[in-house]
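Report on the following structure.
Excluded from the calculations below are hydrogen atoms, water molecules and symmetry mates; all remaining heavy atoms, backbone and side chain alike, are included. Count residues from 1 along the sequence.
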Amino acid sequence: EVQLVESGGGLVQAGGSLTLSCAASGFTDEDYAIGWFRQAPGKEREAVSCISLTDGTTYYPDSVKGRFTISTDNAKNTVSLQMNGLKPEDTAVYYCASVIIPRGLTDWVPQTDYDYWGQGTQVTVSS
C-alpha cells in the first residue's frame with residue numbers, strides 16, 4: 001500500500017518561501033503521478049501542481065505558475081514543492097496524493113482519481 005507523508009509546512013511572511021516534501025513508499029511497478037493540493041478554511045480543495053514520476057511532466061494552475069515548482073529526487077521517493085513569493089491567499093493545508101497513470105500524464109488528473117493521500121501539512125502566510 002502506498003504511504004505518503006508531508007512535511008515542511010509552517011508560518012512564513014508574505015513574499016517568503018517554503019519547501020514542502022512528500023515522502024512516498026509502497027509504489028509498485030506502475031507509472032505514478034504525485035499531485036499537491038491545498039484546502040483553505042471554508043474553501044474547496046484545489047490542485048496546485050502534479051508531476052509524473054516516470055518522465056517528469058508537470059502541471060500548474062495559473063494561480064501558482066511561476067511561483068511554485070514541483071520536483072522529485074532521482075529515487076522518486078520524495079516529491080518536493082518549492083513555494084516562492086508566498087501570498088496570504090496561499091494559506092491552507094497542503095496535501096500530496098498519488099495516482100497510477102497507465103497512459104502517462106497528459107493532462108490534469110481529477111482529484112477523485114487519486115488513490116492515496118497524505119495527512120496534510122499546514123502553511124500559513126502572514127501579511
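In plain terms, the two heavy atoms of S52 and I101 that are nearest each other are OG-CD1, 3.9 Å. The two residues L105 and A33 come nearest to each other via the heavy atoms CD1-CB, 4.3 Å. Closest of all the heavy-atom pairs between K43 and Q39 is O-NE2, 3.1 Å.
Of the possible donor and acceptor atoms, one in the side chain of T72 sits under 3.5 Å from a partner among the backbone N and O of T78. Judged purely by atom type and a 3.5 angstrom limit, T124 has no side-chain atom pairing as donor or acceptor with the backbone of L11. Between the T58 side chain and the I51 main chain, no donor and acceptor come within less than 3.5 Å of each other. Listed for the R38 side chain is no donor-acceptor partner under 3.5 Å among the backbone atoms of A92. The backbone N or O of G26 sits nowhere less than 3.5 Å from a side-chain atom of E1 that would complete a donor-acceptor pair.
With a 4.5 Å cut-off on side-chain heavy atoms, Q119 and V5 count as touching. Residues V79 and L53 meet the side-chain proximity criterion, which asks for heavy atoms closer than 4.5 Å. Using a 4.5 Å cut-off on side-chain heavy atoms (C-beta onward), F27 and N77 make no contact. In this structure the side chain of W117 never reaches within 4.5 angstrom of the side chain of L4, judged on heavy atoms. Residues L20 and M83 form a side-chain contact, since some pair of their non-hydrogen atoms from C-beta on lies under 4.5 Å apart. Residues C50 and I34 form no side-chain contact, since every pair of their non-hydrogen atoms from C-beta on lies 4.5 Å or further apart. Contact annotation: the side chain of S17 approaches that of Q82 to within less than 4.5 Å [non-hydrogen atoms, C-beta and beyond].
Here the straight-line distance linking atom OG of S49 with atom CZ of F68 works out to 8.5 Å at 0.5 Å rounding. Atom CG of L86 and atom OG1 of T91 lie 8.5 Å apart (nearest 0.5 Å). Taking CG from L81 and CD from E6, the interatomic distance works out to 11.0 Å, rounded to the nearest 0.5 Å. Note: T54 OG1 to Y32 OH = 10.5 Å, rounded to the nearest 0.5 Å.
For D107, there are no side chain to side chain contact (heavy atoms under 4.5 Å, CB included) partners at least two apart in sequence or on another chain. For D62, the side chain to side chain contact (heavy atoms under 4.5 Å, CB included) criterion is met by K65, not counting sequence neighbours.
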S126/V12 under side-chain contact (heavy atoms from CB on, under 4.5 Å): CA gap, chis, key distance, verdict:
CA-CA 6 Å; S126 63; V12 63; over 6 Å; no
Give the intermediate values and the outcome of side-chain contact (heavy atoms from CB on, under 4.5 Å) for residues T121 and V93.
CA-CA 5 Å; T121 186; V93 178; over 6 Å; no
Checking V109 against Y59 for the side-chain contact (heavy atoms from CB on, under 4.5 Å) test, could you report, in this order, the C-alpha distance in whole Å, the side-chain angles of both residues, the deciding distance, and whether it holds?
CA-CA 10 Å; V109 177; Y59 288 97; over 6 Å; no
Show your working on salt bridge (Lys or Arg N to Asp or Glu O under 4.0 Å) between R103 and D31 and close with a plain yes or no.
CA-CA 8 Å; R103 291 176 292 278; D31 292 334; over 6 Å; no
With side-chain contact (heavy atoms from CB on, under 4.5 Å) as the test, would you mind laying out the steps for V64 and K87 before giving the verdict?
CA-CA 10 Å; V64 307; K87 305 174 182 180; over 6 Å; no
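For the 3.5 Å distance criterion, the side chains of D113 and Q111 fail to qualify, holding no donor opposite an acceptor.
Linking Ile, Leu, Val, Met, Phe, Trp and Tyr whenever their side-chain heavy atoms come within less than 4.5 Å puts I70 and I100 in one cluster. Two different hydrophobic clusters hold V99 and V48 under the rule that ILVMFWY side chains link at heavy-atom gaps under 4.5 Å.
For R45 and W36, the positive end is not near the middle of the six-membered ring at less than 6.0 Å and at most 45° from its axis.
Under the ring pair (Phe, Tyr, Trp, His ring centres under 6.0 Å) rule, F37 has a single partner from Y95, Y94, Y114, which is Y114. Checking S80, S7, S71 one by one against T19, the side-chain contact (heavy atoms from CB on, under 4.5 Å) holds for a single residue, S80.
Within a 6.0 Å radius of CD in Q3, other residues, nucleotides and ligands contribute 12 heavy atoms or fewer.
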